[in-house]
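Sequence lines set the chain letters: A, B, ... in the order given, protein chains first and strands last, and positions in each chain run from 1. All values derive from a computational prediction rather than experimental measurement.
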There are 2 protein chains.
Amino acid sequence: MENDLNDKQIQILKIAETLFAEKGFDGTSIRDISKEAKINVAMVSYYFGSKEKLLEALVLFKTSGLKEQLVNLIEENLEPIEKINKLIELYINRLNCNRGIYRILHFELASKKKVLELESFTDIKKSNLKSLELIIQEGQAKGVFRKDVIIPLLTPTILGTYFHFQMNKPFFEEILDLKTEEAYNNYIKTDLTKHIQQTIKALLIYEN
Amino acid sequence: MENDLNDKQIQILKIAETLFAEKGFDGTSIRDISKEAKINVAMVSYYFGSKEKLLEALVLFKTSGLKEQLVNLIEENLEPIEKINKLIELYINRLNCNRGIYRILHFELASKKKVLELESFTDIKKSNLKSLELIIQEGQAKGVFRKDVIIPLLTPTILGTYFHFQMNKPFFEEILDLKTEEAYNNYIKTDLTKHIQQTIKALLIYEN
DNA sequence: GTTTAAATTAAACAGTTGTTTAATTTTGCG
DNA sequence: CGCAAAATTAAACAACTGTTTAATTTAAAC
């Protein structure tokens with residue numbers, strides 16, 4: 001896969017990400033993108049070939065580097081629970097920075113039959129799960145984590161909580177009285193992240 | 001809001017639900033629906049007014065009765081933790097039966113600015129939150145639940161976990177070795193539900 | 001400066017979109 | 001029956017869809 005994108009291509013990808021996040025993949029037209037990017041409609045086809053291939057390029061562009069971050073985390077000299085907390089923080093931060101593309105990836109794409117570079121994305125998910133497993137097994141070996149946790153179900157709880165919060169943004173803005181974009185993002189970085197960390201910690205440690 | 005739908009209207013709603021679930025709201029055309037339902041294109045506009053109002057009618061059609069179920073649950077003579085468990089079971093079961101429309105509601109729709117003539121749906125969410133609050137406050141009064149829980153964040157954890165699991169179906173089918181549709185749904189009804197119940201219980205009870 | 005390739009453009013293409021119209025058929029009621 | 005309301009239809013509507021074409025401009029190399 002080519003990764004040598006020029007400035008204009010990257011500009012297009014960034015605007016595509018924003019619009020996909022706002023209005024969905026189907027809800028965003030190439031003309032929307034080209035208008036926002038102040039380029040000609042034909043440029044998208046010229047650079048990426050098609051709308052779908054544009055999405056494919058966007059996925060590859062945005063998912064690079066995560067695996068390395070996780071491996072580094074595992075090798076750090078920290079208590080297991082601290083690693084878990086850091087992993088959650090890392091996840092939430094990354095999701096929140098790339099919320100557009102991750103939403104498409106996790107939800108909109110999951111339902112389409114089309115299989116683009118889906119394998120590469122599945123690989124990322126498996127690799128992430130492996131990293132999580134390593135940390136938890138370490139904690140179990142040290143006797144601080146329960147041994148009957150279903151590890152693959154932790155990811156849905158971590159990511160799902162974030163996504164559900166993000167997808168119901170207008171609702172939570174209202175009931176939590178988060179009036180500005182800044183206040184909302186700040187709430188995610190502090191309270192929501194803490195909530196998820198607390199939830200996972202309780203689940204891993206609490207004995208019936 | 002009128003609730004007197006005739007057979008033909010209900011037939012249209014059911015097919016719309018299937019197609020929306022399969023291909024998304026934007027990805028489904030009125031012609032797709034009318035073709036599948038073997039009716040004329042104009043009938044959708046004739047009965048519902050517009051595509052958006054069709055969705056609105058679908059929401060109302062599918063979400064009726066939930067509020068009553070929750071109120072009944074609250075009034076039951078059960079321990080708070082048992083009520084929470086039942087509430088989670090009720091949620092997951094309902095979501096799983098109506099997964100098509102709930103997916104649209106929670107994810108696809110939430111991101112659109114234009115929509116949200118769906119006050120009725122916001123009302124449902126608020127009402128659900130109120131029910132959850134009542135149960136938890138009861139548990140707090142009895143001294144069995146922690147008092148520093150952020151109640152509005154429980155819903156994202158409960159529903160988000162389910163949705164993330166459901167949206168990444170192909171992935172979890174593979175890594176959990178759930179080969180049939182039945183095995184998958186069974187896993188949701190037993191293991192996943194239990195996981196969520198355990199998670200929320202731990203969060204509500206576990207003291208640092 | 002000339003040549004050649006890349007970048008950019010406006011226009012056209014062939015479909016599809018949601019919705020409306022006006023005509024026709026079906027239905028229910030006296 | 002007759003007749004009005006409801007249901008159903010084909011057709012048209014204008015706007016939008018992703019993509020392609022062919023012409024033009026820009027950039028780089030010689």
- [ ] Measure from NZ or CZ of A:Lys169 to the centre of the six-membered ring of A:Tyr184 and say whether it is under 6.0 Å with the direction within 45° of the ring axis.
- [x]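 That pair qualifies as a cation-pi contact.
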TODO: Hey, which sits more toward the 5' end of DNA chain C by its nearest nucleotide, A:Ala42 or A:Arg31?
DONE: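 Final value for this comparison: A:Ala42.
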Open item on the list: Could you check whether the side chain of A:Asn40 and the base of C:dA10 have a donor-acceptor pair of N or O atoms closer than 3.5 Å, going by distance alone?
Closed with: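 Flag set: donor-acceptor pair detected.
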Would [X] and [Y] pass as an ion pair if we require N to O under 4.0 Å?
X: A:Asp32; Y: A:Lys23; value: yes
X: B:Glu133; Y: B:Lys130; value: yes
X: A:Glu17; Y: A:Lys62; value: yes

For [X] and [N], give me the distance from atom [atom1] to atom [atom2], rounded to whole Å.
X: A:Phe48; N: D:dG18; atom1: CZ; atom2: P; result: 15 Å
X: B:Tyr47; N: D:dA5; atom1: OH; atom2: C1'; result: 13 Å
X: B:Asp32; N: C:dG18; atom1: CG; atom2: C1'; result: 12 Å
X: A:Phe25; N: D:dG18; atom1: CZ; atom2: P; result: 8 Å
X: A:Lys38; N: C:dT8; atom1: NZ; atom2: C1'; result: 17 Å
X: A:Lys8; N: D:dA27; atom1: NZ; atom2: P; result: 10 Å
X: B:Asp7; N: D:dA6; atom1: CG; atom2: C1'; result: 16 Å
X: B:Ile39; N: D:dT8; atom1: CD1; atom2: C1'; result: 10 Å

Open item on the list: Please confirm whether the shortest side-chain N or O distance from B:Ser29 to OP1 or OP2 of C:dT17 is below 4.0 Å.
Closed with: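 Indeed, a polar side-chain atom of B:Ser29 lies that close.
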Open item on the list: Check the phosphate of D:dT17 against A:Lys51, side-chain N and O only, distance under 4.0 Å to OP1 or OP2. Yes or no?
Closed with: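 The answer is no; no side-chain N or O of A:Lys51 sits under 4.0 Å from OP1 or OP2.
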Task: Trace of the side-chain hydrogen bond (donor to acceptor under 3.5 Å, both in side chains) decision for A:Arg146 with A:Gln140 - done: CA-CA 6 Å; A:Arg146 304 176 53 169; A:Gln140 288 172 332; over 6 Å; no
Selection from [options] that lies nearest to any side-chain heavy atom of [X]:
X: B:Ser45; options: C:dG18, C:dT20, D:dG18; result: C:dT20
X: B:Tyr46; options: C:dT8, D:dT8, C:dA10; result: D:dT8
X: A:Met43; options: C:dG18, D:dA7, C:dT8; result: C:dT8

Open item on the list: Heavy atoms only, 4.0 Å cut-off, all strands: where does A:Thr28 land among base, sugar-phosphate and nothing?
Closed with: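 Contact class for A:Thr28: sugar-phosphate only.
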